[in-house]
Engineer: 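Here's a structure for you.
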Amino acid sequence: MSTTVAKKIQMVDLKGQYQKIKTEVDSAIQDVINSTAFINGPAVKEFQADLEKYLHVKHVIPCANGTDALQIAMMTLGLKAGDEVITASHTYVATAEVIGLLGLTPVLVEVHADTFCIDVKAIEKAITPKTKAIVPVHLYGQCADMEPILALAKKHNLFVIEDVAQAIGGDYTFSNGAKHKAGTMGTVGCTSFFPSKNLGCYGDGGAIYTNDTALAEKLKMIAHHGQSVQYVHDVVGVNSRLDSIQAAVLKIKLKHLDEYAAARNKAAAYYDKAFANHPKIKIPARAKNSTHVFHQYTLQLVGADRNKIREQLAARDIPSMIYYPIPVHRQKAYQSDKNKPANFPITEHLSTCVLSLPMHTEMDEETLNYISSSLLELLK
Ligand SMILES: Cc1ncc(COP(=O)(O)O)c(C=O)c1O
């Protein structure tokens, strides 16, 4: 195996990605500066229209970040203190955080051990008369099983708020063959443009999607101080905007999103092949009805000391991450009688064995070879 690589290995190579689009990005940023239309400038509207077209969705409402997107969605849907909102136990804290912040009750349920996405049977078991919404998280770049989730929501009259922060660009295929973009199937979809996301800007950013025109108007109002017409505030809202500079960057990067997903898939296929049938590595499973955009390449280590492996990888200049080391139900802020670790055996297990390897749009074969052969050697 090779003992080193020329380039510094990173979890996400934003610099390498920027170099390829530098001329276009620099000029678009300069245009915004020249125009001084920093807030709600033309770039925001243009990006919004481009994203609507790309997603085949009627409305995109840009906002300041993915957490705000979730919060604005929940505020707009009129969820009230005490309402229960079901979401995945194995997720980033933001999903549960906004539920708690609004005085709603987060009801955490298990995920599938292979796809890492929310388990529909577990959702069904958790539904009570107080349940008002389900928040499936399309984790690591793959869609949760939306067809049965939507059927369940319809049966119980629940909103579906898709957390698509990690899966923008992914496709879900329904049993009738219809394909839909991640985030456009539920009542609303909420995404993040955090720099390391598959469509990341150069700061914070987010968006909400919906096909419901009346709801889109309310979402816009809540995101803009609850304002219906200038200086008229019918409801309490928030101030959450996507900066024009960020929109200008996103407009350029959106044109490359499918090519970025293809590069991520190519890297994932390399890892898959290198780790196939290894007794100590469980490669990421592919969900039946979803494409994968590989926001993360997350494998499971079997019978290996994960921390030691991470240290040994780091000693070879190979970064790795654990998403997520402490599950939401174990966090002090979310502890409750229902959130006992014993109720979440799968999430508990995943928190001990998942390992995410470097994954981005600029991975080359030399790097992939170095990372995979190093891990294989360390697992001997
Ligand atoms: C699953 C998930 N939901 C929500 C968010 C929140 O997005 P942001 O950081 O833009 O607020 C993230 C970001 O890491 C995420 O991964």
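Counting convention: from 1, in listed order, for ligands and their atoms alike. Every value quoted in this text rests on a predicted model; they were computed, and no experiment measured them.
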Engineer: Look at atom NZ of Lys218 and say whether more than 12 heavy atoms of other residues, nucleotides or ligands are closer to it than 6.0 Å.
Structural biologist: no
Engineer: If hydrogens are left out, which of Ser192, Ala165, Gly205 has an atom nearest to atom 15 (C) of ligand 1, that is, the closest non-hydrogen atom?
Structural biologist: Ala165
Engineer: Side chains of Glu110 and Thr347: is there a donor and an acceptor less than 3.5 Å apart?
Structural biologist: yes
Engineer: For atom 8 (P) of ligand 1, what's the nearest protein heavy atom and its distance?
Structural biologist: Gly66 N, 3.5 Å
Engineer: Taking the six-membered ring for Trp, is the centroid-to-centroid distance between Phe193 and Phe47 below 6.0 Å?
Structural biologist: yes
Engineer: So, does Gln300 use its side chain to make a donor-acceptor pair with the main chain of Ala113 at under 3.5 Å?
Structural biologist: yes
Engineer: Heavy atoms only: which of Thr67, Val137, Leu70 lies closest to atom 11 (O) of ligand 1?
Structural biologist: Thr67
Engineer: Any nitrogen or oxygen of Thr91, side chain or backbone, less than 3.5 Å from one on ligand 1?
Structural biologist: no
Engineer: Using a 4.5 Å cut-off on heavy atoms from C-beta on, say whether the side chain of His138 contacts that of Met146.
Structural biologist: yes
Engineer: May I ask you to decide whether Lys130 forms a salt bridge with Asp83, counting only side-chain N to carboxylate O separations under 4.0 Å?
Structural biologist: no
Engineer: State the atoms of ligand 1, each with its element, that fall below the 4.0 Å cut-off from a heavy-atom position in Ala94.
Structural biologist: 4 (C), 5 (C), 6 (C)
Engineer: List the closest protein heavy-atom neighbour of atom 12 (C) of ligand 1: residue, atom name, distance to the nearest 0.1 Å.
Structural biologist: Tyr92 CD2, 3.6 Å
Engineer: Does any N or O atom in Phe194 lie less than 3.5 angstrom from one in ligand 1, N or O only?
Structural biologist: no
Engineer: Between Asp68 and ligand 1, does any nitrogen or oxygen pair lie at a separation below 3.5 Å?
Structural biologist: no
Engineer: Do you know which of Tyr323, Tyr140, Tyr324 makes ring pair (Phe, Tyr, Trp, His ring centres under 6.0 Å) with Phe116?
Structural biologist: Tyr140
Engineer: Suppose we measure from atom 16 (O) of ligand 1 to each protein heavy atom; which comes out shortest, and what is that distance?
Structural biologist: Gln166 NE2, 2.9 Å
Engineer: Pair up each side-chain donor or acceptor in residues 338-346 with any protein partner under 3.5 Å, not counting sequence neighbours, and list the distances.
Structural biologist:
{"residue": "Asn339", "atom": "ND2", "partner": "Tyr334", "partner atom": "O", "Å": "2.6"}
{"residue": "Lys340", "atom": "NZ", "partner": "Asp337", "partner atom": "O", "Å": "3.2"}
{"residue": "Asn343", "atom": "ND2", "partner": "Lys338", "partner atom": "O", "Å": "2.9"}

Engineer: Of all the atoms in ligand 1, which lie at a distance below 4.0 Å from a heavy atom belonging to Asn65?
Structural biologist: 10 (O), 11 (O)
Engineer: Could you tell me, atom by atom, which parts of ligand 1 come under 4.0 Å of a heavy atom of Lys197?
Structural biologist: 12 (C), 13 (C), 14 (O), 16 (O)
Engineer: Of the side chain and backbone of Leu139, name the one, both, or neither that has a heavy atom under 4.0 Å from an atom of ligand 1.
Structural biologist: neither
Engineer: Listed by chain and number, what are the side chain to side chain contact (heavy atoms under 4.5 Å, CB included) partners of Tyr270, not counting sequence neighbours?
Structural biologist: Glu365, Leu368, Asn369, Ser372
Engineer: What is the nearest protein non-hydrogen atom to atom 1 (C) of ligand 1, stated with its residue, atom name and distance?
Structural biologist: Asp163 OD2, 3.5 Å
